[in-house]
Each structure stands twice: as C-alpha cells, then as structure tokens.
Enquirer: 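Below is one structure. I have some questions about it.
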Amino acid sequence: MTLHLFDTLSRSVRPLRPLDGKSFRFYCCGPTVYGPAHIGNFRTFVMQDVFRRVIEATGLPTRHVRNLTDVDDKTIRGAEAAGQSLSAFTAEWRDAFHADCAALGCRPPHVEPSAVEHLPQQIAMIETLVAKGHAYAADDGSVYFKLSSFPGYGRLSHLDTRELRHGAAVTSDEYENDKESVSDFALWKARKPEDGANFWPSPWGEGRPGWHLECSAMALKYLGETFDLHSGGVDLVFPHHENEIAQSECCTGHRLCEHWFHITHLLVDGRKMSKSLGNLYTLAQLADMGHDAMAVRWVLLNGHYRQPLNFTLDNLAGARSALARLTKSVAALEQHGGQTAPRLTPPVQPAWQALLDDLNVPKALGQIFTLLNETTPATVAPAAAIEMAAGLRFILEETLGLTLPPAIAESTASAPDNVRTLAEKRWAARTAKEWAAADSLRAELGALGWTMKDGKETYTLSPLPSA
RNA sequence: GGCGAGGUAGCAAAGUGGUAAUGCACUGGUCUGCAAAACCGGUAUGCGCGGGUUCGAUUCCCGCCCUCGCCUCCA
C-alpha cells in the first residue's frame, strides 16, 4: 500500500514515506493568475490531484500546499493594462482558476498562499541569504542570489555550470546588468517605472520579490525546512526548482525536500500549445464546443505523467462515451447487488497496483475495462456485484477523481410538456404499428434535443448530449 | 551546440526478450418494426528506418530519420 514514484533528482522510482511518519507534506507550484489557465496547465494540476488522492487512498493524510503567483511581470503588466489594482486583477483570475479546478474535480489544497501576502517572509529569507554571503545587493537596489556560493547547483536538472554559461539563450536582461554573473538570479527586483503602484518597501529600497523566492518562503512557512515532495510541470525543473533548492538550502542549511515529482507537458495535435498555432484550449472554450470538464479530465488522465500526451479533439469526443459506459456498468452492478461505500476490493486490485506503481493511470484504466469485459454485471452473484461496484467507485471516483454522472437518468419526467406530448403521440403510433409516423415523430423529438428509447412496457426520454 | 523525452492500429495509449493490454471510432451478429442500450465477435503477421546480438526482439546494442521539451522567470 505504498506509492512508488519517479524522483527527478535521483532519476529513480522510490517509495514515498512521510518524514514525520504521520502525514505526507507536499508543495505544488501553482498558477500565475493573470489569465485563464489552459488544459496544459491542468494536466499538471489534475495529475497532482490524482497523486494526492492515491496517497490519501492508502490511508495517509496529506498536507497539500499550492501557491498563487500574484505578483510578477505578467500579473503587474496585466493589471496595469487593465487599469486595475493588482489585487483586483489577480482575484478575478484566481476565482476563474478555482472554478476550473472544481469543475475538473480537483481537491482544493489545504493551504493556498498568495505571494503578495507573504512579502515579510520573503524579505526575511533574503536577509538571511545576504547575511550568510549567498546573496548581494546591486547598485540599483536589486538583490541577487550568488550562484557560485552554492556548489550543489544544477543537480536537479543535471546541468553543470559550464553548460549554463554556454546556454543558447543566455542573454542578460536589460534590468539585470548589475549582476556579478549572468547566472545569478533575482531575489528582489528594484522598482521600475512600468510597475506603476506595484512596489513595496524593503531594506534594499522599493521593489518587488523575484519569482523563485515566493515558493521557498511559503514552503518554509507552511511545510517547514524539509518536507516530503515538491511538484510542478517539467519546465519548472530549470531554473525555477533549481533556484528554489539553492535559496532554501542555503537559507536553512537543510535539504528542501525528499522527492521531486514533475509532470511532462501536454501536446495538442502533436505540437506544443501556443496562441499562434491556435491550439491552446481553455476549459471555457472546450465547454463552448460541448465538452464537459469531466471528459477533459478523462483525456488528461489517459497518459502516463512522464510521457508526452497528445491531446486531440477527436479523443476528447470519445471521452464521453467511455465515461457513460463506466457509469452504466457501475449502475448495473449496483442495481444487481446493491450499493455500498467505495472501497478497495479484490476485483480492482490490478488497477490499484498499477496506480501504486508510479501512477500508471492508463494501465489502471485498462485493467478496469478488462475487468468489465470479463465480468458481465448480470451474470455475477449479487455479493460479487457489490464488491465490484464498490471497487470501481473506489478507483474511479475516490482515486482518479472521475465523477460518474448520476445515471444519465432517463429523465422522462423532466421533459418539457411539448416533448412529452410528442413522445406520447409517437408511442401511440408505434403501438399502432404506424412505423412511418413513429419515425417522423422521433425525428421531431431529435430536433428538440431529445432522444426516445422504446422499452417493452413504456419508453424513456433523455436529453441528447449538448454538443 | 548541450541535456532530456518520444516515434506501437483511424485517433489515443499501456506493455514485454518468446511472439502486441485498453478506450474511442469503425465493423459483423443477437435483440429491436427500425433504432438506442446491452451482449457476443472482428479489426496492427505488426510496434519510425537499416543493421547487429540472440534459439527468438516491438522489447537489448549500433547507425540513421523524424517529433517534442528544457538550456534564466512557460504547467
């Protein structure tokens, strides 16, 4: 019952055991709240959610901290452009992010600290770093981390300093030309005219914190000097996480965390998402196309987190069918055997083991369908049906966070009067074996967005999918 | 240029030194007036290309082609 997960630093799959023996404490780099998050962002957040759910399903409580980056170049630029205060601007996008997360079935973190509300902690950390000789103030009032003071730099990303220096994109920022070395990164950025009203006092003058610092400071406050795991998208490995390690470990003198969990990027139609390619989707855009968030979650879950996952609309369209089939299967089992609480049962052990083995979600789902194919709900004994249903709910709902729609309820009763009237007419025609009339009435119902299924004694009506 | 990941059926995606899970789509059948749903089947002699090792490779090695990511603030 222990999750084994690949660790970026050691490049090996390792068992996850909490340092304090009681709860699993982990930090996830959260969104920069300056615009709508896209499905690529959500691949990371959904996988982190599954990660958390699996840990919790093993019986281990978690402490999940995920920050909100609400003070940086993009948020300040966005607020200035919108003529809003930074807090009003970021609050709007924070709320949108929360709504998307909720729609995707992600459990909210236990703590969601805001960067701009933790300036004292960040400043204190800089002071410690300066005092210890790991950071220095430049003439303009910016403060930089002195990379040469931390020999361990580059271990996570496996880049040595020589490679860093010769990196293709090493061009010094026009505002960072006071650095002693091009590789040094900003802990505090001196106030600039374009920052507008968004600057704060510090021992080095007015300005704002560097991006990397917020995570170090807030992780320290909410998780302590050393915690269990740190996570984010692969692009954060370098430089963000590398810098966090440098700051935190130089500040506290202790190892930052035991494990690094990085999620590979999502591709769309085989390409990296970008606005210019027009393949950057948000949940809202997909909703407009008739795709609900659970279908999106399904697609995001259907690849191993260390493999590139190719998102296609074609695949998304099929997600609804898959989810509907699961819903019906579970409902049929429960109808046959009865309902009970979700729990880990023998039939779903193969799927559970796949999840414990480096979060192999696609394999787990394959096991679920294999189970379904091998066992027909109607042919199993009631007791076995209960066991299967409980296990399926455990894997699908508790662990993978897939909300099975409440039995696509043949909502005959909820149909509008005109629809019901048409249905009655069709049922009469069908009973009278007037097939042509029955078929044309069915077409009329379809045009109204309803589908009619004939049963033995009566019929059922249900709304067509919204697409 | 450096580091890393990957190329498996129409679309996705697991997986393994012994002969290719699974989902969607498609398709044959049962059922149905016809459908839908459900159920029973089918659909890669093949896993980027060329060599090699091996009794045997999609899985190991070498070379090549292509894609993708990171290389200072993009999940």
Side-chain angles (χ1 to χ4, degrees), chain A residues 11 28-32 37-48 69 72-74 147 154 157-160 162-173 176 179 182-186 189 210-212 231-240 242-243 262-267 269-274 298-299 302-304 306-326 328-329 332 354 360-370 372-373 376-379 408 410 430 433-436 438-439 442 451-456 460 462:
Chain A
R11 291 185 177 179
C28 299
C29 289
T32 300
H38 55 69
I39 55 173
N41 297 309
F42 284 119
R43 180 185 192 190
T44 296
F45 297 127
V46 164
M47 278 314 304
Q48 288 167 340
T69 296
D72 79 322
D73 289 340
K74 290 196 280 287
L147 218 58
S157 54
H158 304 97
L159 294 171
D160 65 34
R162 188 191 65 239
E163 287 160 352
L164 295 177
R165 230 175 280 126
H166 295 300
V170 171
T171 52
S172 64
D173 187 308
E176 298 187 356
K179 293 193 287 190
V182 286
S183 302
D184 290 351
F185 58 90
K189 302 176 104 163
W211 173 45
H212 311 294
S231 175
V234 277
D235 55 306
L236 297 184
V237 174
F238 185 88
H240 185 56
E242 204 73 77
N243 292 354
H262 290 106
I263 293 95
T264 298
H265 278 331
L266 182 75
L267 301 178
D269 296 327
R271 311 218 57 116
K272 183 185 182 179
M273 279 183 294
S274 74
W298 174 266
V299 173
N302 254 305
H304 186 91
R306 282 201 279 142
Q307 298 302 132
L309 172 61
N310 191 17
F311 183 95
T312 63
L313 290 176
D314 193 24
N315 215 21
L316 182 60
R320 175 165 36 213
S321 305
L323 284 167
R325 183 180 154 197
L326 289 173
K328 286 175 196 160
S329 297
N360 196 334
V361 179
K363 186 174 184 179
L365 287 170
Q367 299 284 10
I368 291 296
F369 280 105
T370 299
L372 253 23
N373 290 337
T376 308
T379 61
I408 313 186
E410 326 280 11
R430 186 178 169 276
K433 298 191 189 299
E434 291 164 11
W435 310 132
D439 287 349
R442 180 159 56 197
T451 181
M452 180 168 174
K453 297 175 185 175
D454 303 331
K456 264 193 180 140
T460 55
S462 51

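What you see is a predicted model, and the numbers here were worked out from it, not measured in a lab.
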Enquirer: What stem regions, each of at least 3 consecutive Watson-Crick or G-U pairs below 3.5 Å, can be found for RNA chain B?
Expert: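 Output for stems: B:1-7 with B:65-71, B:10-12 with B:22-24, B:26-30 with B:38-42, B:48-52 with B:60-64.
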Enquirer: Can you identify which nucleotide, out of B/A12, B/G6, B/C71, has its nearest atom closest to the A/Leu309 side chain?
Expert: B/A12
Enquirer: Tell me if the side-chain of A/Lys433 makes a donor-acceptor pair with the base of B/C34, cut-off 3.5 Å, by modelled atom types.
Expert: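 Donor-acceptor pair under 3.5 Å: no.
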Enquirer: Can you tell me how far apart NZ (A/Lys74) and CH2 (A/Trp211) are? Round to the nearest 0.5 Å.
Expert: 7.5 Å
Enquirer: Which nucleotide in the list B/U32, B/C73, B/G6 gets nearest to the side chain of A/Gln307?
Expert: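 Given the options B/U32, B/C73, B/G6, the side chain of A/Gln307 is closest to B/G6.
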Enquirer: B/A25 and B/C39: how far apart are their P atoms, nearest whole angstrom?
Expert: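 That atom pair is separated by 14 Å.
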Enquirer: Pick the C1' atom in B/A14 and in B/G6, then give their distance to the nearest Å.
Expert: 15 Å
Enquirer: Between B/A5 and B/G15, how many Å separate the two P atoms, rounded to a whole number?
Expert: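 One P to the other, the span is 15 Å.
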Enquirer: Select one nucleotide: of B/C24, B/A38, B/C73, the one nearest the side-chain heavy atoms of A/Lys328.
Expert: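 Out of B/C24, B/A38, B/C73, the nucleotide with an atom closest to A/Lys328's side chain is B/A38.
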Enquirer: Between B/A5, B/C73, B/C11, which nucleotide gets closest to the side-chain atoms of A/Pro308?
Expert: B/A5
Enquirer: Which nucleotide in the set B/C74, B/C34, B/G69 lies at the smallest distance from any side-chain heavy atom of A/Val234?
Expert: B/G69
Enquirer: Where the side chain of A/Thr370 is concerned, which of B/G69, B/G33, B/A21 is the nearest nucleotide?
Expert: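 For the A/Thr370 side chain, the nearest candidate turns out to be B/A21.
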Enquirer: Could you work out which one of B/A14, B/G33, B/A75 sits closest to the side chain of A/Arg430?
Expert: B/G33
Enquirer: If I pick the P atom on B/G50 and the same atom on B/C65, what distance separates them, to the nearest angstrom?
Expert: 15 Å
Enquirer: With rounding to the closest Å, how many angstrom separate the P atoms on B/C71 and B/C26?
Expert: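 Per the computed distance, 42 Å lies between those P atoms.
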Enquirer: Rounded to whole angstrom, note down the P distance from B/U45 over to B/C11.
Expert: 15 Å
